[in-house]
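Okay, so here's the structure we're looking at.
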Amino acid sequence: MNADNYSSVERAVERLAAKALAEIREMGRRARVELGVIDPRQVNQIRKLHEIRPGRYYRLPHPLFECPECGGSLAFELDAWDTWFGMVIGSGLRVTCVEEDAEWMRAFEAEDYPRWEHRHWQSDWQHVITKAERFVAQRCRVVEERQ
């Protein structure tokens, strides 16, 4: 075997190895999304404490939190919090589906009824709400506007 043939075989093996590695990484990424595990690159951003303000909607990280009825993105708004420490009170979090809110806004602007809406059965939503309450309580503190 001469040097040219050897180098072409070596290049082919390197290409196949790179392709196999890319496929393995993609399979791992899909598995993490299906299992609800976040991307390791997002961990530091999610771990840090975020300031949130009442009366605003905040999106939850999508692969980790998704609507139990349509699989869309979720958002939350605060209704109650501890004013001394700024911690979210368990039942003070309202979780909504972003896709359903968009449909309601479309219907409102068209002066029409929504084409579809979620059932909001507690058996479907309670585990998502509980998970979101824990997530927000660990990572967020309420900052009130000073008058």
Side-chain angles (χ1 to χ4, degrees), residues 8-147:
S8 66
V9 169
E10 199 173 60
R11 283 193 300 268
V13 168
E14 287 174 0
R15 282 195 305 270
L16 288 172
K19 187 176 178 180
L21 183 60
E23 182 65 26
I24 289 169
R25 285 184 177 150
E26 177 60 22
M27 288 170 54
R29 186 198 65 76
R30 279 184 294 203
R32 285 192 302 273
V33 169
E34 288 173 12
L35 294 173
V37 179
I38 56 175
D39 186 348
R41 293 172 293 209
Q42 296 174 339
V43 170
N44 288 337
Q45 179 186 359
I46 290 174
R47 276 191 189 149
K48 75 180 174 186
L49 205 56
H50 298 280
E51 294 181 352
I52 55 176
R53 303 189 187 289
R56 297 181 186 173
Y57 280 95
Y58 295 91
R59 283 191 185 232
L60 292 162
H62 179 57
L64 189 57
F65 292 93
E66 62 182 25
C67 176
E69 296 189 48
C70 73
S73 299
L74 294 176
F76 71 91
E77 180 185 24
L78 292 174
D79 290 335
W81 60 92
D82 181 288
T83 57
W84 187 261
F85 296 106
M87 296 177 71
V88 177
I89 295 173
S91 62
L93 194 75
R94 187 166 18 140
V95 178
T96 62
C97 175
V98 174
E99 318 308 332
E100 184 183 30
D101 285 352
E103 173 58 22
W104 275 97
M105 289 306 295
R106 184 213 55 81
F108 180 75
E109 289 171 359
E111 297 181 6
D112 193 9
Y113 292 103
R115 294 185 195 125
W116 59 273
E117 60 185 296
H118 293 326
R119 301 174 309 207
H120 293 281
W121 288 357
Q122 187 170 0
S123 60
D124 293 339
W125 282 83
Q126 189 59 53
H127 72 283
V128 175
I129 293 169
T130 303
K131 186 177 171 183
E133 287 171 348
R134 289 180 185 151
F135 181 85
V136 172
Q138 291 173 355
R139 292 164 180 84
C140 301
R141 294 295 174 264
V142 178
V143 178
E144 296 183 63
E145 302 287 334
R146 299 284 181 211
Q147 301 293 337

Separation between CG (Leu93) and CG (Leu60), nearest 0.5 Å, reads 7.5 Å

Contacts of Arg134 that satisfy salt bridge (Lys or Arg N to Asp or Glu O under 4.0 Å) - sequence neighbours left out: none

Using a 4.5 Å cut-off on heavy atoms from C-beta on, say whether the side chain of Phe76 contacts that of Thr96. no

For His127 against Pro68, the heavy-atom pair lying closest together: CE1-CB, 4.5 Å

Please tell me whether Gln126 and Trp121 have a donor and an acceptor in their side chains that are separated by less than 3.5 angstrom. no

Suppose we call two aromatic rings close when their centres sit under 6.0 Å apart. Are Phe65 and Phe135 close by that rule? yes

About how many Å separate NE2 of His118 and SG of Cys97, when rounded to the nearest 0.5 Å? 3.5 Å

Within residues 58-68 or reaching into it, pairs that qualify as side chain to side chain donor-acceptor pair (under 3.5 Å) - sequence neighbours excluded: none

Does any N or O in the side chain of Lys19 come within less than 3.5 Å of the main-chain N or O of Glu14, such that one atom is a donor and the other an acceptor? no

Any donor-acceptor N or O pair under 3.5 Å, side chains Glu100, His120: yes

With sequence neighbours left out, the residues meeting side chain to side chain contact (heavy atoms under 4.5 Å, CB included) with Ala110 are Arg106, Asp112

Could you give me the CA-CA distance, side-chain angles and deciding distance for Trp125 and Glu69, then say whether side-chain contact (heavy atoms from CB on, under 4.5 Å) is met? CA-CA 9 Å; Trp125 282 83; Glu69 296 189 48; 2.6 Å; yes

Using the side-chain contact (heavy atoms from CB on, under 4.5 Å) rule, take Arg94 and Tyr57 through it: C-alpha gap first, then chi angles, then the decisive distance, then the call. CA-CA 9 Å; Arg94 187 166 18 140; Tyr57 280 95; 3.9 Å; yes

Got a second to check how far Asp124's CG is from Arg119's CZ, nearest 0.5 Å? 4.5 Å

